[in-house]
Amino acid sequence: MSQRILILQGHPDASEAHLCHALADHYCEGAYAHGHEVRLIDLASLEFPLLRSQKEWKTTPLPASLKTAQEAIGWCHHLVLFFPLWLGDMPALVKAFLEQVLRPGFAFEYVEGNPLGRKGLTGRSARIVVTMGMPAVIYRHLYRAHSVKSLERNILGFVGLSPVRETLIGAVETMSDQKRNAWFRKLYELGAEGK
């Protein structure tokens, strides 16, 4: 079944291509080749301010530079977020983007008497693809993938995305060409499946 897929490229360095970009390209190729509709947003190309208070988050309008991105989130069936692990978490650019676009009235609604509110993005799934310098098994088992779990539960799950799957790609600085190509094939297959 054809899906509408939104790829969010969260690598903050737009000055050169990185592994995150190549992985997203392979995912995109697989999705296109198998009839899915795909939109790609490179977060590093967007200009938007940081939110500095809860009041700003609730009351200031969404910056014009993010309207297309928010509309694409509403459009998609499946969202795929790529980013490198920085200081054990998503880069600040990714967090700032999510804070801006996942606003009340779009991503969720306040409901009196219900502290969890009403999720605004139900019926959509997500995949998080994270690259890192450490071996992924260490991040997953020693650090318990804490930041990815927080993103899955406290942000994406909070607004209704489910299921949220993860792909953790570790030891990227020492990765062989054979291993890198295996990851490219895997991301192509995930794109083909729309997962």
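Values in this document were obtained by computation on a predicted structure and should not be read as measured data. Both backbone and side-chain heavy atoms feed into the values below; hydrogens, waters and symmetry mates do not.
Listed for the H34 side chain is no donor-acceptor partner under 3.5 Å among the backbone atoms of G191. Although no hydrogens or angles enter the test, the distance criterion places a donor-acceptor pair under 3.5 Å between the side chain of Q70 and the main chain of V101. Remark: the backbone N or O of T60 is paired with a side-chain donor or acceptor of R103 at under 3.5 angstrom. A donor-acceptor pair is defined here as one N or O able to donate and one able to accept, closer than 3.5 Å; no such pair exists between the side chain of R39 and the backbone of L6. Listed for the R124 side chain is a donor-acceptor partner under 3.5 Å among the backbone atoms of I73. A donor-acceptor contact shorter than 3.5 Å is absent between the side chain of Y27 and the backbone of F184.
Atom CG of L87 has 12 or fewer heavy atoms from other residues, nucleotides or ligands within 6.0 Å.
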Would you give me the side-chain donor-acceptor pairs under 3.5 Å for residues 150-165, sequence neighbours excluded?
from	atom 1	to	atom 2	distance (Å)
S150	OG	N154	ND2	3.2

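Both F97 and V148 are members of a single hydrophobic cluster when ILVMFWY side chains are connected at heavy-atom separations under 4.5 Å. Taking hydrophobic clusters as Ile, Leu, Val, Met, Phe, Trp and Tyr residues chained together by side-chain heavy-atom distances below 4.5 Å, V137 does not share a cluster with I169.
When the salt bridge (Lys or Arg N to Asp or Glu O under 4.0 Å) test is applied to R140, the partners found at least two apart in sequence or on another chain are E166.
The aromatic rings of F108 and Y110 sit perpendicular, their planes meeting at an angle over 60°, well past the 30° parallel limit.
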- Task: Any chance you could lay out the salt bridge (Lys or Arg N to Asp or Glu O under 4.0 Å) test for K95 and E99, step after step, and finish with the verdict?
- Result: CA-CA 6 Å; K95 181 71 162 62; E99 287 174 354; 2.6 Å; yes
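The distance from the CH2 atom of W86 to the NE2 atom of H11 is 5.5 Å, given to the nearest 0.5 Å.
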